[in-house]
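The structure appears below as structure tokens.
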Amino acid sequence: MKLGSARLVLRYPQIRLPLLGSLIGRVPLGVATVALLLGVQAATGSTKASGIVTAAATVGVAVGAVVQGRMLDRLPRKAVLASFACVHIAALCLLAVATSAKAPLVPLAGLALLFGLSVPSLTATTRWLMRSIVTEDELPAAFTLDTVVLQFLFVIGPSVAAVATSLFGPSPALFGCAACTLAGTAIFLRTAAADLLVPASKPVKSTVDSLGGQVRPTLYIAVFLLAMAFLSTSSGFLELGITELATVRQGSLEPVGIAFSAMSIGSLVGGLAFGALKWKSPLAKQYLLLAAGNAALLAVLTTLPAFGVFYVVIAIAGMFLSPLASLASQTLDRLAPPSAWMQTQSWGTVANTAGQTAGLAAGGIVAGLAGPKLAFACSAGAVALAAVVAMPTLLRASRKAPNRAEEPAPALVPEEKT
């Protein structure tokens with residue numbers, strides 16, 4: 001039976017607890033960085049220091065994702081995930097103590113790097129469980145569901161961090177993140193579905209050879225990762241363009257929060273709607289249509305409309321974000337070798353992180369020198385460029401069904417209606 005809605009994936013009772021654990025365990029993704037930024041600012045009194053510490057955490061995330069992805073492809077996945085979670089919890093607790101004690105910049109940056117390196121790959125492992133449980137027809141809805149969950153965390157995370165930090169201080173907020181990582185990972189790993197977290201079977205000479213080989217993505221995947229980076233760059237240009245427009249037009253950053261809230265709500269709605277539809281068109285056509293719609297709406301922002309219209313346009317533009325992210329996950333899923341599936345997903349994390357960082361840096365320069373209109377134009381152009389660069393890989397992925405030959409057979413069945 002084909003299930004066209006992401007919510008119907010929850011008919012599989014074995015998915016519910018892992019998804020709940022993954023949700024709790026990934027709360028720090030939206031909260032910890034903001035709490036860390038505020039904590040370092042309070043500890044050092046320097047915006048520059050908080051930027052350096054946050055950059056160290058970002059570098060750690062990019063490097064750690066690749067290392068952990070390779071380990072997850074070759075070593076017992078439950079053990080790898082548990083080990084990284086333990087280090088991550090320790091790093092969060094040490095950061096909480098260090099910010100409270102007003103530690104110097106170097107120890108803070110070192111702990112932030114460790115924090116980033118040790119982020120447990122709950123997103124990749126959650127999607128592996130889903131693809132091991134649901135049917136091929138239901139996989140797009142499953143990936144969209146997880147994308148919406150992740151988007152929800154990024155929507156509420158900064159607000160939760162700001163409120164928790166203002167009420168209790170940055171250290172309790174970081175301790176709270178450590179507790180979420182502990183509880184979420186424990187729930188996730190103790191479910192019956194987690195037994196499906198086994199690497200694809202492939203003979204290897206040794207553990208060292210296993211971890212050291214095949215670390216580079218294929219050409220098609222590498223090109224697609226570049227497209228993912230361009231797409232993430234768009235958000236950086238957009239964020240700085242909105243900030244510049246609000247500063248120039250209103251002298252206040254209040255419109256920035258409203259605009260991003262509108263875009264985030266649009267992304268949630270768009271993701272749920274996308275998961276509820278049954279798409280018969282190939283991945284390439286879906287991606288092209290969604291990217292074209294998103295780029296066109298971002299281009300409308302170059303007219304610098306009144307803020308009321310601006311909020312409506314950016315909310316509609318946001319509706320394309322979760323579907324595009326879901327299609328990216330599906331593309332990597334189809335093209336990843338079974339023996340390097342986790343690592344391929346981790347390269348996606350690196351591409352998104354690098355693109356977001358580059359977009360913020362370039363967006364600040366463009367918006368500051370040329371104004372918000374050019375920043376919005378660059379944002380739209382980045383989406384269009386991403387679609388063009390991604391097309392060869394998308395066409396290849398559209399012709400290739402998911403390869404499950406080396407995966408455990410789906411042993412779990414949906415809950416029967418009575």
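FYI, side chains are in, hydrogens and waters are out, and symmetry mates aren't considered; it's all heavy atoms of this structure.
- For Ala315, the side-chain contact (heavy atoms from CB on, under 4.5 Å) partners are Ala262, not counting sequence neighbours.
- Considering only residues two or more places apart in sequence or on other chains, Phe84 meets the ring pair (Phe, Tyr, Trp, His ring centres under 6.0 Å) condition with none of them.
- Scored by the side-chain contact (heavy atoms from CB on, under 4.5 Å) test, Leu290 finds Phe274, Phe320, Pro323, Leu324, Leu327 as partners (sequence neighbours excluded).
- In summary, the side chains of Gln330 and Ser326 do present a donor paired with an acceptor at a separation below 3.5 Å, with no hydrogens or angles considered.
- At least one side-chain heavy atom of Phe188 sits less than 4.5 Å from a side-chain heavy atom of Leu81.
- Taking CG from Leu92 and CG from Leu111, the interatomic distance works out to 10.0 Å, rounded to the nearest 0.5 Å.
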Checking side chain to side chain contact (heavy atoms under 4.5 Å, CB included) for the pair Ile15/Leu129: CA distance, chi angles, key distance, verdict?
-> CA-CA 8 Å; Ile15 284 181; Leu129 287 185; over 6 Å; no
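- Taking both residues in full, the closest heavy atoms of Ala56 and Ala109 are given as CB-O, 3.6 Å, listed atom of the first, atom of the second, then distance.
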Listed pairs under 3.5 Å, donor-acceptor, residues 300-314 side chains, sequence neighbours left out:
residue : atom : partner : partner atom : Å
Thr302  : OG1  : Ala299  : O            : 2.5
Thr303  : OG1  : Val300  : O            : 2.6

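- Atom OG of Ser118 sits about 9.5 Å away from atom CG of Leu113, to the nearest 0.5 Å.
- Taking each heavy atom of Leu36 and Ala112 in turn, the nearest pair found is CD2-CB, 4.1 Å.
- The shortest non-hydrogen separation linking Thr126 to Leu19 is CG2-CD1, 4.1 Å.
- The salt bridge (Lys or Arg N to Asp or Glu O under 4.0 Å) pairs that include a residue from residues 141-151 are Arg26-Asp146, Arg127-Asp146, where partners are two or more places apart or lie in different chains.
- The structure places CD1 of Ile133 at 11.5 Å from CG of Leu139, a figure rounded to the nearest 0.5 Å.
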Donor-acceptor contacts, no H, no angles, side chain residues 374-395, under 3.5 Å, sequence neighbours left out:
residue : atom : partner : partner atom : Å
Ser379  : OG   : Ser234  : O            : 2.9
Ser379  : OG   : Ser234  : OG           : 2.8
Thr393  : OG1  : Tyr220  : O            : 2.7

Please assess Trp347 against Ile221 for the test side chain to side chain contact (heavy atoms under 4.5 Å, CB included), listing each intermediate value before the final yes or no.
-> CA-CA 9 Å; Trp347 279 114; Ile221 292 176; 5.6 Å; no
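- Closest approach of Ala397 to Thr331, counting heavy atoms only: CB-CG2, 3.9 Å.
- A search for side chain to side chain donor-acceptor pair (under 3.5 Å) contacts involving Ser322 returns Ser267, not counting sequence neighbours.
- The two atoms that bring Ala328 and Met228 nearest to each other are CB-CE, 4.2 Å, heavy atoms only.
- Using a distance-only test at 3.5 Å, with no hydrogens or angles considered, a donor-acceptor pair links the side chain of Gln68 to the main chain of Val119.
- Under the side chain to side chain donor-acceptor pair (under 3.5 Å) criterion, Thr181 pairs with no residue, sequence neighbours left out.
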Go through the steps to decide whether Gln345 and Trp128 satisfy the test side chain to side chain contact (heavy atoms under 4.5 Å, CB included), and finish with yes or no.
-> CA-CA 10 Å; Gln345 293 291 320; Trp128 175 272; over 6 Å; no
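- Listed by chain and number, the residues in a side-chain contact (heavy atoms from CB on, under 4.5 Å) with Ser346 are Ala65, Val66, Gln343 (sequence neighbours excluded).
- Residues meeting the side-chain contact (heavy atoms from CB on, under 4.5 Å) test with Leu289, sequence neighbours left out: Lys285.
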Met263 and Leu238: side chain to side chain contact (heavy atoms under 4.5 Å, CB included), yes or no, with the steps?
-> CA-CA 11 Å; Met263 186 171 64; Leu238 181 61; 3.5 Å; yes
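- For the atom pair CG of Leu335 and CG of Leu219, the computed distance is 11.5 Å after rounding to the nearest 0.5 Å.
- Side-chain contact between Met319 and Leu297 is absent, with no heavy-atom pair separated by less than 4.5 Å.
- Atoms OG and CG, on Ser235 and Leu240 in that order, are 10.0 Å from each other to the nearest 0.5 Å.
- Within the model, atoms CD1 of Ile242 and OG1 of Thr247 stand 11.5 Å from one another, a figure rounded to the nearest 0.5 Å.
- Residues that satisfy the side chain to side chain donor-acceptor pair (under 3.5 Å) test with Gln286, not counting sequence neighbours, are absent from this structure.
- Thr99 is linked by a side chain to side chain donor-acceptor pair (under 3.5 Å) to Ser171, counting only residues two or more places apart in sequence or in another chain.
- Side-chain atoms of Thr44 come within 3.5 Å of backbone atoms of Val40 as a donor-acceptor pair (strictly under, hydrogens ignored).
- Met342 places a side-chain heavy atom less than 4.5 Å from the side chain of Thr125.
- The side-chain heavy atoms of Val87 and Leu114, taken from C-beta on, include a pair separated by under 4.5 Å.
- Of all the heavy atoms in Ala178 and Ile89, the pair that sits closest is O-CG1, 3.8 Å.
- No side-chain heavy atom of Thr58 sits under 4.5 Å from any side-chain heavy atom of Gln356.
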